[in-house]
Trainee: 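Take a look at this one; I'll ask things after.
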Amino acid sequence: MDDSGTTPAGNRLHYGILVSTFLSLVLAGFLFDTPSGIVKGLLKIVTDPDYLITDYMGIGGVGAAFVNSGLVSLLCVALLGFLKVQVTGITFAAIWTVAGFSFFGKNLLNVWFIIAGVRVYALYRKEPFSRFIYSALFGTALAPLVTQILFGFNVSPALRIPLAALAGISVGFILPPLGVAMMRFHQGFNLYNIGFVSGLVGSIVLSIFRSYGFIPQSRLVWTKGHDLQLAPLFFAFFLAHFALGYFLGGRKVSGLAAVMRYPGRVVTDFILLEGLGPTLMNMGLGGMASILYLLAVRGDINGPTLAGIFTVVGFSAFGKHLRNMAPIVAGVVLGGATKIWGMNDPPIQLAALFGTTLAPVAGEFGIFWGIVAGFLHSSLVLNVGALHGGFNLYNNGFSGGIVAAVLVPVIEAIRTGREKS
Amino acid sequence: MIHEHERVVRMVAELQNFLFSMGASEIRSEIRETPEAFLVSIKGNTRGNICRKVEKLRKLLSLARRADMEEELWSLAGSVDFDTELSLVGMMSDRAEVRCDGDAGVVEVELVRRK
């Protein structure tokens with residue numbers, strides 16, 4: 001069977017894998033909490049002002065965080081199915097990113113306003129919504145903006161509710177054209193393009209908020225102590241992905257070797273290029289390596305780091321692999337050895353995982369430049385969050401876009417000069 | 001669909017980049033617009049027999065049209081000269097034909113992009 005998703009049978013298989021993956025996440029939630037505890041936790045999650053960094057495990061509990069992530073993802077998969085979208089690597093990247101960030105920032109309430117905004121844009125352009133579906137899914141990075149207005153502003157509900165809806169829909173409306181325009185800025189070397197766009201939009205929105213006297217307090221809800229339960233659970237989860245990929249790929253690892261030869265710059269859709277089997281193996285490896293890294297630096301397995309791990313796993317279907325991610329992580333580790341922060345400081349744990357947005361720099365220009373990119377990113381990402389006040393969940397995508405846009409032309413100039421000499 | 005002409009220009013630029021990377025010193029491009037489609041034809045000489053490498057080009061250009069991916073990513077086509085986005089060109093085309101004459105060192109690509 002063709003497993004690139006270009007045949008109806010291949011596409012059904014891809015949908016089946018996505019549904020079973022995120023259904024299992026919902027069911028796993030009930031291992032950690034009672035049904036009533038989960039419902040109470042979900043209510044707390046959807047009403048919390050959840051800008052960076054807000055670990056839903058600390059707001060609604062581990063069980064509710066799992067169920068929130070699973071349900072939001074399943075609803076997004078249902079939307080893809082309704083729109084008859086062909087599932088390939090970019091789809092896996094989008095859904096896994098949504099799933100990950102539904103552990104810290106996206107929830108059953110706030111994502112729909114952004115998605116509705118993109119739908120309005122499609123109506124305005126008189127084009128099918130399916131054309132803009134990835135802007136809609138990735139664009140939910142700005143969902144905390146909606147929650148903040150709904151539950152964080154001290155004004156009457158008659159004003160807050162329409163204002164929140166208007167803000168979410170307006171942001172969704174402008175994301176698709178901005179996404180196309182900003183892609184040129186970093187030339188596809190930052191995999192989280194919408195993260196860069198959302199950083200710019202979030203910075204403008206926060207500036208307006210500040211002009212009216214609203215200054216959000218910095219926030220850090222970060223849970224600890226779940227490692228013994230969550231590390232083995234997710235390691236097994238990713239091992240299962242690897243095993244499934246191995247069997248679907250004809251019990252061969254040659255496809256995985258082929259995946260690792262790509263530089264990974266956008267557009268590198270591994271499912272289209274190498275098929276589902278090698279892609280699932282690559283995703284599994286990315287997930288297992290991320291967990292081992294966190295354990296090695298004495299980090300934490302919690303909502304925010306699971307978002308990082310899930311994003312690595314998702315983008316391992318669309319550009320990332322161990323060869324191009326390792327130099328970036330090495331750059332962050334080098335920063336940890338020489339800068340004023342520690343490797344297990346919360347923002348640095350996230351920088352190592354999400355910093356792999358710059359993996360194509362290493363894939364295209366080699367290990368040295370990958371390390372430089374990771375090193376620069378680990379500093380920049382600590383500073384750009386202040387611009388958007390944490391409203392952009394993909395803070396690392398914002399930083400990664402700037403690093404790529406500055407670094408790539410310099411590398412090119414140096415490389416071209418060396419070739420001439 | 002907005003920026004329709006720019007999209008076609010970028011597809012052509014991407015293919016021109018590819019031919020340059022194969023050692024071409026002479027490239028001829030032709031774009032014809034009809035009410036239904038854009039017809040693109042590009043021909044270039046190459047350094048030596050590259051027909052084996054052209055197999056990869058053929059595979060990438062034969063990818064099915066993907067309006068969803070195009071809408072998100074089209075601006076990357078033809079954006080850099082050190083890497084290729086040929087799969088994107090494939091996803092922006094409805095039909096692609098690649099011909100390679102190894103002895104003469106010539107590669108010819110024809111694309112159809114329906115409106």
Side-chain angles (χ1 to χ4, degrees), chain A residues 4-7 80 83-91 94 118 121-122 125-138 175-177 179-189 193-194 262-269 272-273 318 360 363-365 408-409 411-412 415-416 419, chain B residues 1-15 17-18 20-21 23 47 52-96 111 113-115:
Chain A
S4 66
T6 51
T7 62
L80 289 167
L83 297 173
K84 296 186 169 52
V85 173
Q86 186 189 333
V87 173
T88 59
I90 189 172
T91 330
V118 179
Y121 177 75
R125 284 266 307 268
K126 297 186 177 65
E127 291 188 34
F129 182 32
S130 57
R131 284 200 175 163
F132 307 100
I133 191 64
Y134 297 115
S135 290
L137 295 178
F138 286 122
L175 281 178
V180 169
M182 294 306 151
M183 189 67 91
R184 296 171 198 156
F185 185 72
H186 53 75
Q187 299 176 345
F189 284 95
N193 179 49
I194 291 289
Y262 287 93
R265 179 174 161 253
V266 182
V267 185
T268 308
D269 191 312
L272 283 174
L273 295 170
F318 196 67
E364 186 71 46
F365 302 113
V408 170
I411 299 171
E412 263 302 279
R415 198 167 71 162
T416 309
E419 278 168 7
Chain B
M1 195 178 289
I2 59 172
H3 305 303
E4 185 75 39
H5 287 152
E6 190 184 345
R7 294 179 198 215
V8 176
V9 167
R10 284 179 173 273
M11 291 166 71
V12 172
E14 187 65 52
L15 290 168
N17 274 337
F18 171 76
F20 275 129
S21 72
R47 199 180 298 135
R52 233 164 59 99
K53 287 184 184 171
V54 166
E55 278 311 306
K56 193 176 176 191
L57 170 72
R58 191 172 280 131
K59 178 187 168 188
L60 295 175
L61 293 185
S62 68
L63 290 173
R65 178 93 183 252
R66 288 286 301 272
D68 53 344
M69 288 183 78
E70 174 185 330
E71 209 55 55
E72 192 80 20
L73 306 165
W74 66 266
S75 62
L76 277 180
S79 61
V80 294
D81 62 358
F82 50 86
D83 189 23
T84 56
E85 296 288 358
L86 295 166
S87 61
L88 185 57
V89 175
M91 288 184 252
M92 293 168 74
S93 317
D94 293 281
R95 196 166 60 79
L111 299 177
R113 174 182 162 83
R114 290 197 194 94
K115 289 182 177 172

Trainee: Would you say CZ of B:R95 has more than 12 non-hydrogen atoms from neighbouring residues, nucleotides or ligands within 6.0 angstrom?
Mentor: no
Trainee: If you measure from CG on A:L83 to CG on B:D68, what distance do you get to the nearest 0.5 Å?
Mentor: 10.0 Å
Trainee: Got B:L60 and A:L273 here, is their nearest side-chain heavy-atom distance under 4.5 Å?
Mentor: yes
Trainee: Check this for me: A:R184, atom CZ, are more than 12 non-hydrogen atoms of other residues, nucleotides or ligands nearer than 6.0 Å?
Mentor: yes
Trainee: At a 4.5 Å cut-off on heavy atoms, which part of B:I2 comes close to chain A: side chain, backbone, both, or neither?
Mentor: both
Trainee: At a 4.5 Å cut-off on heavy atoms, which part of A:S135 comes close to chain B: side chain, backbone, both, or neither?
Mentor: both
Trainee: Do A:L272 and B:R66 have side chains that approach each other closer than 4.5 Å (heavy atoms only, starting at C-beta)?
Mentor: yes
Trainee: Regarding B:E85 and A:R265, does a basic nitrogen lie under 4.0 Å from an acidic carboxylate oxygen?
Mentor: yes
Trainee: Pick from B:M91, B:M69, B:E72: which one has the most heavy-atom pairs with chain A under 4.5 Å?
Mentor: B:E72
Trainee: Under a 4.5 Å heavy-atom cut-off, does chain B meet the side chain of A:I194, its backbone, both or neither?
Mentor: side chain
Trainee: Give the minimum heavy-atom separation between B:L76 and A:G188, together with the two atoms involved.
Mentor: CD2-N, 3.5 Å
Trainee: If I measure from the heavy atoms of chain B, does A:N193 come under 4.5 Å with its side chain, its backbone, both, or neither?
Mentor: neither
Trainee: Which atoms of A:F129 are under 4.5 Å from chain B, going by heavy atoms: the side chain, the backbone, both sets, or neither?
Mentor: neither
Trainee: Can you tell which part of B:L63 gets under 4.5 Å to a heavy atom of chain A, answering side chain, backbone, both or neither?
Mentor: side chain
Trainee: Heavy-atom cut-off 4.5 Å, strictly under: side chain, backbone, both or neither for A:F185 against chain B?
Mentor: neither
Trainee: Taking all non-hydrogen atoms of both residues, which atom of A:V180 and which atom of B:S75 are closest, and how far apart?
Mentor: O-OG, 2.8 Å
Trainee: Look at atom NZ of B:K115 and say whether more than 12 heavy atoms of other residues, nucleotides or ligands are closer to it than 6.0 Å.
Mentor: yes
Trainee: So, the side chain of B:S79 versus the backbone of A:Q187: is there a donor-acceptor pair under 3.5 Å, distance only?
Mentor: no
